[in-house]
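Take a look at the structure below.
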Amino acid sequence: MQNRLPEIIDPIHLADKRGELHGQIPLKQLIRLTEKLVNDEGIVSVDLYFGREGRTPKIDGKLKTTLHLQCQNCLESVEFEIDHDVNLGVATKFEHVERLPDEVEPLLLEEETMLLTTLVEDELLLSLPDYPRHTHDCMANEIVKKYTAAFEEEATKKPNPFSVLATLKSTGES
Ligand SMILES: [Zn+2]
């Protein structure tokens with residue numbers, strides 16, 4: 001499956017021949033992205049459609065993956081699903097970026113060709129949340145855990161209530 005995706009793409013050429021790319025890329029290949037992850041297990045499903053809208057070369061499609069990010073509350077791993085719509089307008093010159101329709105995101109080509117992983121990685125980096133967090137109240141769990149642990153520790157330290165009573169009794173009587 002992975003081998004069906006080319007390493008290097010020529011977006012303009014693909015747009016002219018209305019090319020499509022379907023396949024998977026291991027997350028391990030996306031170094032800039034995996035730096036931000038708790039682990040680099042997993043794959044990205046890539047479905048890209050090239051074409052032209054008027055004169056603008058366009059790339060549409062979808063990127064899907066599940067990333068393991070670090071929860072900013074409890075610092076444990078949190079799964080984050082990405083189902084990202086690609087909507088790129090290709091520009092070959094910086095001046096052309098301004099001519100792109102507002103609804104498309106510009107992809108400025110520095111050269112005729114580019115690495116497919118660069119495109120995929122840039123798109124995924126844009127869809128990362130600023131503060132990944134568990135959707136459940138993970139901090140509450142942490143607090144409960146700590147509290148329970150402290151309580152149990154305290155409970156084992158506490159003398160048996162009967163022995164306290166016994167001491168009270170004995171001191172009271174004297
Ligand atoms: Zn958490």
### Message
Using the side-chain contact (heavy atoms from CB on, under 4.5 Å) definition, which of the options L124, V46, L21, L88 pairs with L119?
### Response
L88
### Query
Remaining members of I8's ILVMFWY cluster at a side-chain heavy-atom cut-off under 4.5 Å?
L115
### Shortest non-hydrogen separation from G89 to L100 and the atoms involved
O-CD1, 3.5 Å
### Message
Working to the nearest 0.5 angstrom, can you tell me the gap between D83 CG and L63 CG?
### Response
9.0 Å
### Sole candidate of R32, K36, K28 that passes salt bridge (Lys or Arg N to Asp or Glu O under 4.0 Å) when paired with E121
R32
### Task
Drop me the distance from F50's CZ to D10's CG, to the nearest 0.5 angstrom.
9.5 Å
### Query
Has the side chain of T65 got a donor or acceptor atom that lies under 3.5 Å from a matching backbone atom of I43?
yes
### Task
Take atom CD of E103 as the centre, draw a 6.0 Å sphere, and report whether it contains more than 12 heavy atoms from other residues, nucleotides or ligands.
yes
### Query
Crowded around K64 NZ? As in, over 12 foreign heavy atoms under 6.0 Å?
no
### Message
Is it the case that the side chains of H22 and E20 hold a donor-acceptor pair, with the cut-off being a distance below 3.5 Å and no angle test?
### Response
yes
#### Entry: Nonpolar side-chain network containing V97, other nodes, edges under 4.5 Å
F94, L108
### Message
Around atom CD of Q72, are there more than 12 heavy atoms from other residues, nucleotides or ligands closer than 6.0 Å?
### Response
yes
### Message
Given 3.5 Å as the limit, does a donor-acceptor pair link the side chain of E111 with the main chain of L109, or not?
### Response
no
#### Entry: V120/E123 under side chain to side chain contact (heavy atoms under 4.5 Å, CB included): CA gap, chis, key distance, verdict
CA-CA 5 Å; V120 169; E123 288 291 295; 5.9 Å; no
